[in-house]
Enquirer: 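Just passing along the structure, written as structure tokens.
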Amino acid sequence: MTKPILFNFTDAELTDFVIQSGQPKFRAKQIREWLMRGAPDFASMKNLPEILRNDLDKSAQTLPVKIVKKLQSADGETTKFLLELFDGEQIECVLMRTTYGNSVCVSSQAGCAMGCKFCASTLLGLKRNLTANEIFAQILVAQWELRSDKFSDKPIRPNGDANNNDVSHIVIMGTGEPLQNTENVIDFIERANQDMGIGWRRITVSTCGIVPGIDRLIEWGRPINLAISLHAPTDELRSKIMPINNKYKLSEVMDAAWRFTDLHNRQLMIEYILLGKKDENGETVLYNATPEYAEKLSELLDGKNCMVNLIPWNAVDERDFASPSGNAVHRFQDILIKNGIHTRIRRERGTDIGSACGQLRLNNAKKQN
Ligand code: SAH
């Protein structure tokens, strides 16, 4: 029998569990506090008697995720976790210590069904949706890690925030399509706001463009940030690299996105991976990153309140693309700037630890086969 996961218990269930184990009621509150700090095991719950800690260790599990692997970038800023769920599925989450705060990138599904041609997450297909608890547990893992920074030689970021050992920002940009698991994602965000005090405006949902999902976010009404993974400014090109574009056309996706940002008076985040291809001589030629596409992208976004994040492609062995040169990236950006579009080049973090989407999970699955 698998051990019960105490984090999944309601307060009433946790109290029952504690009483049935012959313990006073107040232990339930103590255990909940440790769970909310992300305690990975019972041994860490220092205010519980040792005998109880040992008993719990035999009969229960703390969080619905177990750390399989933890990778630390050389600069100490990025920590990537490979986590295992109760059914053996694996997911990834990434903690980024930045000057503006501590941001966690969480997964919303085990695997992905979207089939984007440049991405590693989708290569093994979709396994299942994550529960709200499984998404929440990822920020708790990061929270525990941040608290342990204090006692290590890792730099603590001076972010002008007294609570700089807390998770302050969440991006739902890990493996999976959040708007294919919308209700659990909404449930998770509500709780991150309520239980962890993370402001709506510090939470970002990134989607490949599921229109009914964006409409659901509009109906829900919380002023979070929306990011659209665009990657191409025309239907013709987008359909080649993102199968979802055959279902929801660019104009429908953009209409829904502008409705969302108008409602909340927010800036829309646009993600645009810059892709190249190898020609027959092994030279990299630009794919969606040509000057012509920069002009088309500018037309699409003209006069709108948005920020284009240009993302140099993180190479994935199985994928038939190449990363364009730094010069090509800057040329593309210069055209956007000339046309009055806000843009920045996303800083690469943790490339030394394979932080590109889905790489760690994929490589681990390959090893096991
Ligand atoms: N399904 C959601 C969220 C997960 S993907 C979405 O599509 O937005 C998060 C972001 O990482 C997306 O913009 C995705 O296109 C991008 N991405 C995927 N593979 C990548 C790679 N190899 N290098 C750089 N960015 C990648």
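These numbers were taken from a predicted model, which means no experiment stands behind them. Every heavy atom of this structure was used, including side-chain atoms; hydrogens, water molecules and symmetry mates were not. In listed order, ligands and their atoms are each counted from 1.
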Enquirer: In residues 253-261, what donor-acceptor pairs under 3.5 Å come from side-chain atoms, sequence neighbours left out?
Expert:
residue	atom	partner	partner atom	Å
Arg259	NH1	Asp215	OD1	2.6
Thr261	OG1	Ala257	O	3.2
Thr261	OG1	Trp258	O	3.2

Enquirer: Report the part of Asn314 (side chain from C-beta onward, or backbone N, CA, C, O) that has a heavy atom under 4.0 Å from ligand 1; answer both or neither where that applies.
Expert: both
Enquirer: Please state which part of His231 comes within less than 4.0 Å of ligand 1, counting heavy atoms only: side chain, backbone, both or neither.
Expert: side chain
Enquirer: Quick check on contacts: which atoms of ligand 1 are under 4.0 angstrom from a heavy atom of Val316?
Expert: 22 (N)
Enquirer: Does NZ or CZ of Lys277 come closer than 6.0 Å to the centre of the six-membered ring of Phe321, within 45° of the ring's axis?
Expert: yes
Enquirer: Could you check whether Lys249 pairs with Glu252 (Lys NZ or Arg NE/NH1/NH2 to Asp/Glu carboxylate O, under 4.0 Å)?
Expert: no
Enquirer: Between Cys119, Ser108, Ala113, which one has a non-hydrogen atom sitting closest to atom 19 (N) of ligand 1?
Expert: Cys119
Enquirer: Using a 4.0 Å heavy-atom cut-off, say whether Glu271 meets ligand 1 through its side chain, its backbone, both or neither.
Expert: side chain
Enquirer: Show which atoms of ligand 1 fall inside a sub-4.0 Å distance from at least one heavy-atom site of Ile273.
Expert: 15 (O), 16 (C), 17 (N), 20 (C), 24 (C), 25 (N), 26 (C)
Enquirer: Check ligand 1 against Gly176 and write out every atom of the ligand that is under 4.0 Å from a heavy-atom position of the residue.
Expert: 1 (N), 2 (C), 3 (C), 4 (C)
Enquirer: List ligand 1 atoms under 4.0 Å from Cys208, heavy atoms only on the residue side.
Expert: 6 (C), 7 (O), 8 (O)
Enquirer: Does the side-chain hydrogen bond (donor to acceptor under 3.5 Å, both in side chains) test come out yes or no for Thr175 and Glu92, once each step is laid out?
Expert: CA-CA 7 Å; Thr175 300; Glu92 297 176 25; 4.9 Å; no
Enquirer: Give a yes/no verdict on whether any heavy atom in Met114 is under 4.0 Å from an atom of ligand 1.
Expert: no
Enquirer: What about Tyr287 and Tyr293, are their ring centers closer than 6.0 Å?
Expert: no
Enquirer: When you check the gap from the basic side-chain N to the acidic O, do Arg128 and Glu89 get nearer than 4.0 Å?
Expert: no
Enquirer: With a heavy-atom distance limit of 4.0 Å, tell me whether Ile228 approaches ligand 1 through its side chain, its backbone, both, or neither.
Expert: neither
Enquirer: Can you give each donor-acceptor pair under 3.5 Å made by side-chain atoms of residues 35-44, sequence neighbours left out, with the distance rounded to 0.1 Å?
Expert:
residue	atom	partner	partner atom	Å
Asp41	OD1	Ser44	N	3.1
Asp41	OD1	Ser44	OG	2.3

Enquirer: Decide whether the shortest distance between a heavy atom of Ser121 and an atom of ligand 1 is less than 4.0 Å.
Expert: no
Enquirer: So do the side chains of Glu177 and Gln109 get within less than 4.5 Å of each other, counting heavy atoms only?
Expert: yes
